[in-house]
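Worksheet: the structure to be examined is printed underneath.
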Amino acid sequence: MTDRLPPKPTGRSGSVTLWRYARLFRRDILSAQPDRLYGAWMAVFRTPFFGSAMVNDPALINLLLKERPADFPKSGRVGEGLKPLLGNSVFLTNGDDWARQRRIIDPAFEGGRLRDSYPAMRAAAEAAALRFQAAAGRDSEIEAMTSHAAADVIFRTLFSVPIEDEVASETFAAFRRYQRAQPVLNAGALVPLPRWMPRFFRPGTRAAARRIRGLIGGMTDRRQAEIAAGNAPADLATALMTTADRETGARFEAQEMVDQVAIFFLAGHETSASALAWALYLLALYPEWQERVATEAGAADLSDFTAVAGLRVTRDVFRETLRLYPPVPMMVRETTRAETFRKRSLAPRTQVVISPWHLHRHTRLWENPDAFDPGRWQTGNGRDCARRAYIPFSAGPRVCPGAGFAMIEGVCLLAHILAALRVELTDRPPPVPVAHLTVRAGNGIWLRLVRR
Ligand code: HEM
């Protein structure tokens, strides 16, 4: 049993000036935060320019996400860096527009549809296992490999094409350029800095966004023609383009479909790639759990959706990974009127930050919060915290529509990879989590792959 704890960024202990905070933030959102947040229910930051509160109290999070979500819309700031790429996508909208989009999107991810997507997901997992096998015997940067795998899952399930498809691979490359040019989770997203502070809208952002939207537009146009001709494949894109809003009967228009496909690609591949890479790293760090996953996967029929959905150890490992390294580390909402939270008054338009990163490691909620222990999900504390203090996919009506999809995807990919290979630590220093678009490793995650 390894007594080492999984990597955690060093938080800061003292207070800093606003300017220094902004600079720390720009470098990395996680290490900019004070350590005391891991044990706090709430923290209020007041500056001459803005009010901001971080809430870690399960009752308050419940209020924000489930009881009165309409009173706490997504902050427009979050979308600043994303607008050129995502247009009017469901990730950015609020109110009636958002509700209408979810009425069309949610049915595409319902249980039965998930089962229909499984063969495409499994084909991507088999292809990933082959790529991992081809890299056996040397040290590999795992995030790049899981990113490739997760992008493949999205293209196969959405458009029935593998990532090797010319348009798919070009879109994937263009997304990477976009992310390098414009990190999505930036200081502007979490803290409403005054206008004169530097924005991080780097050159190339708009051009990259146009290129991506052009490529996606080509795919959706072709699909529209196939739907009209009656020969469209029964995948997620067809589902999204043919489902009518049950209240109005309207369907997504062409441009809006491009917005939604862009967010599915972005929300669906970066997040899963990050979680998978951390899961593999954790399994290299805790070989006893790796063997349990490999044994479970080896004994199962991985071609069967129900069998994969029932891989309990693998699922608990993936859940534990999402606890320790939630791919979306923080979410931002905004008050629309004066509020009182834990006897503190908040003015209208205060930014409210919900931090899965801190909540999932809260010292007053979780037993052994920083330890990797997939067994915790079968304990009383684990079950209680799963209900109250575990939100890797958010919660309430704005919960991630891809949550069920992502859980099956994670388990399916881990099972396929670990049935074929062992992952081992290398001599390089451990990865340090930093938050960019998702929680990634500062210098990548390196592992040695060994064939079984
Ligand atoms: C491990 C994988 C994933 C994680 C951890 C994750 C997490 C999240 C979280 C936390 C949100 C809420 C963000 C907020 O409210 O600020 C979200 C929203 C969203 N996710 Fe996921 N996600 C994952 C995979 C996926 C997949 C596979 C898809 C689609 C194929 C997807 C599509 C979306 C969309 C469209 C939204 C916006 C929903 C809305 O605002 O109404 N996600 N996701």
Side-chain angles (χ1 to χ4, degrees), residues 61 64-66 69-70 72-79 82 86 88-95 97-106 108-109 113-114 117 120-121 124 146-147 149-159 184-185 189-190 235-237 239-240 259-279 315 318-319 321-334 351-357 359-360 390-414 435 437-439:
I61 292 175
L64 286 158
L65 297 178
K66 291 189 178 164
F72 303 100
K74 262 198 175 180
S75 152
R77 297 268 169 184
V78 180
L82 290 168
L86 301 181
N88 199 35
S89 104
V90 67
F91 195 75
L92 302 180
T93 48
N94 279 311
D97 222 11
W98 167 82
R100 174 184 60 80
Q101 294 173 339
R102 286 291 296 239
R103 285 197 299 272
I104 300 182
I105 289 169
D106 286 351
F109 287 93
R113 280 273 168 73
L114 205 53
S117 291
M121 205 181 262
T146 56
S147 202
D152 196 22
V153 168
I154 288 288
F155 277 109
R156 287 181 194 256
T157 50
L158 256 179
F159 282 106
V184 172
L185 245 184
L190 287 189
D235 51 22
L236 284 177
L240 287 168
D259 300 343
Q260 310 307 350
V261 170
I263 187 57
F264 284 136
F265 189 85
L266 198 67
H269 114 273
E270 264 280 282
T271 45
S272 295
S274 159
L276 272 167
W278 283 108
R315 196 176 165 85
F318 196 61
R319 288 171 94 190
T321 307
L322 292 173
R323 182 181 72 82
L324 286 168
Y325 302 100
V328 180
M330 291 177 203
M331 297 177 276
V332 192
R333 300 294 189 263
E334 198 169 80
Q351 302 277 304
V352 183
V353 179
I354 301 166
S355 171
W357 179 274
L359 183 69
H360 290 179
Y390 184 67
I391 49 168
F393 297 106
S394 187
R398 199 146 201 171
V399 68
C400 171
F405 179 102
M407 285 307 296
I408 284 288
E409 175 189 14
V411 170
C412 168
L413 275 153
L414 283 178
L437 170 57
T438 48
V439 172

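Whatever order the structure lists them in is the order used to number ligands and atoms, beginning at 1.
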Taking only heavy atoms of [X], which atoms of ligand 1 are found under 4.0 Å from at least one of them?
X    : answer
F405 : 27 (C)
F109 : 29 (C), 30 (C)
P401 : 19 (C), 20 (N), 33 (C), 34 (C), 35 (C), 36 (C), 38 (C)
F264 : 29 (C), 35 (C)
G268 : 25 (C), 26 (C), 27 (C), 28 (C)
P392 : 5 (C), 7 (C), 10 (C)
S394 : 10 (C), 12 (C)
A406 : 1 (C), 2 (C), 24 (C)

*asked:* Can you confirm, on distance only, whether ligand 1 has an N/O atom lying under 3.5 Å from any N/O atom belonging to E409?
replied: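 Not met; the criterion fails.
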_Below 3.5 Å, N or O to N or O, backbone or side chain included: is there any such pair between R398 and ligand 1?_
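So ligand 1 has an N or O lying under 3.5 Å from an N or O of R398.
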Looking only at atom types and distance, does a side-chain atom of [X] sit under 3.5 Å from a main-chain N or O of [Y], one as donor and one as acceptor?
X    : Y    : result
H360 : Y325 : no
Q101 : N88  : yes
Q260 : V90  : yes

*Run the ring-centre check on F109 versus F264 and record whether the distance is less than 6.0 Å.*
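Judged by ring-centre distance (under 6.0 Å), F109 and F264 do meet the cut-off.
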*Non-hydrogen side-chain atoms of F155 and H269 separated by less than 4.5 Å*: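 No; the side chains remain at least 4.5 Å from each other.
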*asked:* Could you check whether any side-chain heavy atom of L414 comes within less than 4.5 Å of a side-chain heavy atom of L276, counting everything from C-beta outward?
replied: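 L414 vs L276: side chains touch.
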*asked:* When you measure from the heavy atoms of R333 to every atom of ligand 1, does any distance fall below 4.0 Å?
replied: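 Yes, R333 has a heavy atom closer than 4.0 Å to ligand 1.
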*Any chance you could measure L65, atom CG, to I354, atom CD1, to the nearest 0.5 Å?*
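It is 4.0 Å, given to the nearest 0.5 Å.
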*Can you tell me how far the CG atom of L236 sits from the CD1 atom of I105, to the nearest 0.5 Å?*
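These two atoms lie 11.0 Å from each other.
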Under a 4.0 Å heavy-atom limit, does [X] contact ligand 1 with its side chain, its backbone, both, or neither?
X    : value
H269 : neither
V328 : side chain
M330 : neither
F393 : both
K74  : side chain

*Over all atoms of both residues, closest heavy-atom pair of V261 and F159*: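 Closest heavy-atom pair between V261 and F159: CG1-CE1, 3.8 Å.
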*Of the choices M407, R102, E270, which has the non-hydrogen atom that lies closest to atom 39 (C) of ligand 1?*
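Closest candidate by heavy-atom distance is R102.
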_Assess, by modelled atom type and distance only, whether the side chains of N94 and R333 contain a donor and an acceptor separated by less than 3.5 Å._
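Short answer, no.
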*For L86, check side-chain contact (heavy atoms from CB on, under 4.5 Å) against everything at least two apart and list the hits.*
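L86 satisfies side-chain contact (heavy atoms from CB on, under 4.5 Å) with L82, S89, F91, L92, A262, I263, L266 only.
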